[in-house]
Amino acid sequence: MGYSLNIDNMNTVIKKWSESYLIYAPKCFEGGGTFSDTDVVRYGQIENVEEIVFNKKSDFSFKEVLLPISETLFYFTEDSVKEADERKKKAIIFLRSCDLHSVRRLDEIYLNNGFEDYYYKRLRENVKFILLGCKSSFENCFCVDMQTNKVDSYHASIDYDGESFLIDNKCSDFENDFENSFNKKQDVIPSYVTENHVKVNIPDNITLDIIKSKMWDEYDSRCISCGRCNFVCPTCTCFTMQDIFYTDNGKAGERRRVWASCMVDGYTDVAGGGSYRKNNGQRMRFKVLHKVYDYKKRNGYHMCVGCGRCDDICPQYISYSNCINKLENAMKEVNEIES
Amino acid sequence: MMDLNTKQLKRNAFRVTKVRGYTASRIRVPGGHMQSKYLVMLHEIAEKYGNGTIHITNRQGFEIPGIKFESMPEVNKLLQPIIEGLDINQSDKGQGYSAAGTRNITACIGNQVCPYGCYDTTNFARKIEKAVFPHNLHFKIALTGCHNDCAKVRMHDFGIIGMTMPQYDKDKCVNCGACVKKCEKKSVNALQTVNYKVERNEGKCIGCGECVLNCPTGAWTRSKEKYYRLTLLGRSGKKNPRLAENYVKWIDEESIIKIIKNTYDYVEKYIDPNAFEGKEHIGYIVDRTGFKEYEKWALKDVKLPEIAEVSTTMYWNGIKY
């Protein structure tokens with residue numbers, strides 16, 4: 001059902017929601033940017049619709065809501081273990097089409113990849129998604145080529161035309177809230193991007209021989225292995241474990257899991273002091289091929305959703321989409337060596 | 001027959017040069033940043049009244065040499081749009097600069113451009129300029145965006161170094177180690193990893209922002225408030241060139257301006273009455289009165305932020321002949 005709401009009515013709905021949900025949306029943190037006097041757009045809880053940033057891509061994705069950056073799993077002391085409490089309320093997440101597509105990837109890894117991840121599941125089950133329509137492409141987006149520009153799996157969608165909020169609601173739980181507060185009923189199709197400036201070409205003929213290509217070498221020196229590309233990515237799912245013994249009582253502690261990055265030192269460290277991918281170029285190769293090759297072999301669709309945040313954030317101006325576009329020539333290069 | 005009051009023309013930001021009959025005009029550019037249109041005006045002065053050359057001064061101003069003394073009034077007229085455009089305080093419109101003793105206030109490019117800059121150096125420089133100029137006392141003030149001190153503020157009476165108070169959100173930290181490594185290699189080694197999270201040694205930290213700059217998850221952010229380190233009484237020169245010493249760490253803008261203004265009162269009271277051309281480095285005056293007496297004047301009515309750390313004793317070294 002489609003609705004049009006003015007700001008006051010939209011805020012009435014949000015206020016109603018906040019009784020039973022934590023509401024997360026991309027919002028502007030003034031002065032929160034890396035550099036002095038710069039802002040950052042990232043996910044946080046909102047209380048009214050004016051806080052939602054509609055006209056910019058968020059620097060970080062919604063991922064941290066479903067998959068906290070640092071999450072305590074349980075507490076332990078002597079013979080007992082206590083599981084960390086789960087979030088007290090259900091959650092609503094405002095997110096764009098590419099990000100909603102990435103939820104499918106997160107589910108694939110955490111729910112369907114052999115066993116269900118308990119901690120992910122308990123957060124995931126209690127989440128509803130509200131699609132933020134995209135009127136036009138942002139810089140570095142390539143959702144159209146990744147086929148993530150359109151999406152149906154939202155509970156509700158929201159578009160802002162400068163005056164009103166246009167809603168397409170599919171969720172029975174929300175129905176009363178909108179029915180009580182709408183200004184107008186109308187058909188709403190969430191806006192979506194039909195063309196990006198950035199185009200990517202992922203060749204069909206990639207084989208493992210591509211590892212031998214020289215294309216990876218330039219990243220040895222260009223990349224600083226900071227991991228920003230992983231941390232902003234809505235589909236990166238790696239984590240590592242930390243067992244902590246509290247400093248003032250070594251008999252008590254907690255187990256945490258925190259995000260890990262395949263670009264950062266230590267990721268491939270193994271017992272005995274070994275480390276599999278020392279060169280940054282090889283780390284780049286691993287990451288890129290995971291996003292547009294390995295994952296697809298197993299699951300039938302690409303992991304990358306084309307949000308372009310990795311390009312947006314890279315302090316060394318390394319473009320991941322440009323790297324993808326080098327794969328075709330790299331395959332030619334390695335096939336020539338072979339023949 | 002040329003009859004000139006050299007004392008007066010110097011105070012008008014002209015110079016007595018080695019070439020008899022010719023002067024040079026000095027243009028102040030607070031914060032070292034301006035609209036490029038003013039370069040065209042300077043070009044016009046140099047072409048019309050000078051020898052067609054312009055010197056970029058050590059203090060980020062300009063000096064136009066080869067001007068005949070009798071052209072000074074015309075030059076002052078042409079300087080007027082520059083003086084007004086750069087918002088320089090002036091006692092008599094159209095009469096050029098009203099003083100020259102308090103030198104141009106210099107600044108590195110700051111956070112308008114530089115990733116390391118912790119504040120807008122140009123704007124703060126302009127604010128100080130508004131507060132202290134025109135004045136005939138010989139004061140040198142310089143601002144730099146961060147502890148790299150590209151502006152070499154420790155060579156000045158007042159050195160202002162930008163700082164940020166790092167804010168740490170434990171829940172966003174993934175223990176990648178970037179901040180700890182960068183702080184150790186590039187800064188003062190104030191961070192250490194404890195239980196996979198980071199602890200900051202507050203005493204050691206110089207607020208350079210390397211942790212914020214290198215944090216890939218935004219666990220480190222900058223404080224809303226801007227802070228500074230104020231360094232005192234550095235100088236070059238013949239007698240006893242020396243670098244400035246740290247005075248207040250985590251000081252705010254307002255207190256800095258107040259301390260500088262208070263220092264004018266102190267110098268007026270204690271400057272050597274026989275100082276050559278009324279010009280004496282503040283440092284020599286403080287050597288004479290003792291630092292405690294200076295501090296009494298400097299901190300008058302100053303309300304430092306609670307976190308400010310004030311050096312209780314100040315000793316300068318440097319080269320003594």
Side-chain angles (χ1 to χ4, degrees), chain A residues 29-44 58-61 63-64 67-72 224-233 236 238-248 250 253-267 310 313-315, chain B residues 108-124 145-146 162-182 192-199 207-228:
Chain A
F29 291 83
E30 265 178 52
T34 298
F35 307 121
S36 169
D37 290 340
T38 61
D39 306 331
V40 70
V41 178
R42 67 184 301 166
Y43 275 72
S58 64
D59 297 285
F60 289 81
S61 84
K63 186 175 70 177
E64 62 196 85
L67 205 59
I69 299 175
S70 174
E71 181 180 20
T72 300
I224 56 167
S225 63
C226 66
R228 282 176 175 82
C229 49
N230 296 123
F231 297 132
V232 297
C233 177
C236 274
C238 288
F239 61 82
T240 187
M241 287 295 195
Q242 299 172 346
D243 283 351
I244 313 301
F245 299 88
Y246 300 135
T247 46
D248 50 354
E254 65 183 68
R255 172 167 291 183
R256 300 194 285 245
R257 74 170 169 201
V258 300
W259 290 1
S261 154
C262 58
M263 302 302 294
V264 167
D265 287 353
Y267 182 83
C310 46
I313 198 107
C314 180
Chain B
C108 73
I109 195 152
N111 83 354
Q112 287 187 21
V113 173
C114 178
Y116 292 103
C118 289
Y119 67 103
D120 187 333
T121 50
T122 311
N123 271 345
F124 193 9
C146 75
M163 295 170 78
T164 188
M165 178 65 84
Q167 310 289 307
Y168 182 55
D169 180 353
K170 255 188 174 177
D171 291 338
K172 288 199 175 76
C173 176
V174 298
N175 187 40
C176 71
C179 56
V180 179
K181 281 184 216 160
K182 286 287 173 3
Q192 62 165 337
T193 306
V194 178
N195 267 346
Y196 303 104
K197 301 286 179 192
V198 182
E199 282 184 3
C208 65
E210 281 289 349
C211 48
V212 182
L213 289 169
N214 289 289
C215 181
T217 61
W220 286 108
T221 49
R222 292 168 188 275
S223 52
K224 288 228 167 356
E225 302 77 15
K226 297 211 164 63
Y227 294 106
Y228 307 87

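Chain A is the first sequence line, chain B the second, and so forth, proteins listed ahead of strands; every chain is numbered from 1.
Your options are Arg42(A), Glu64(A), Glu71(A), and the one with the most heavy-atom pairs under 4.5 Å with chain B is Arg42(A). Most heavy-atom pairs under 4.5 Å with chain A: of the set Asp120(B), Asn214(B), Thr217(B), this distinction falls to Thr217(B). Ranked by heavy-atom pairs under 4.5 Å with chain A, the list Ala219(B), Cys118(B), Gly162(B) is led by Cys118(B).
Heavy-atom distances place both the backbone and the side chain of Lys172(B) under 4.5 Å from chain A. Neither the backbone nor the side chain of Phe239(A) has a heavy atom closer than 4.5 Å to any heavy atom of chain B. Contacts of Asn230(A) with chain B are absent, with no heavy-atom separation under 4.5 Å from either backbone or side chain.
Across Ile69(A) and Cys173(B), no two heavy atoms sit closer than the pair CG2-N, 4.4 Å. Annotation for Arg228(A) and Cys215(B): closest pair NH2-O, 3.7 Å, computed over non-hydrogen atoms. Shortest non-hydrogen contact noted between Thr34(A) and Val212(B) is O-CG1, 3.5 Å. Heavy atoms only, all atoms of each residue included: Asn195(B) and Tyr246(A) are closest at ND2-CA, 4.3 Å.
Annotation: residues 254-262 of chain A contacts chain B through Arg256(A), Val258(A), Trp259(A) [non-hydrogen atoms, separation under 4.5 Å].
Distance check, rounded to the nearest 0.5 Å: CG of Asp265(A) to NZ of Lys181(B) gives 4.5 Å. Taking NZ from Lys170(B) and OG from Ser70(A), the interatomic distance works out to 9.5 Å, rounded to the nearest 0.5 Å. Here the CZ atom belonging to Phe35(A) is positioned 6.5 Å from the CG atom belonging to Leu213(B), to the nearest 0.5 angstrom.
A donor-acceptor pair under 3.5 Å is absent between the side-chain atoms of Asp37(A) and the main chain of Tyr119(B), judged by distance alone.
Counted within 6.0 Å of CD on Glu225(B), heavy atoms from surrounding residues, nucleotides or ligands total more than 12; the atom is thus considered enclosed. Atom OH of Tyr116(B) has 12 or fewer neighbouring heavy atoms from other residues, nucleotides or ligands inside a 6.0 Å radius.
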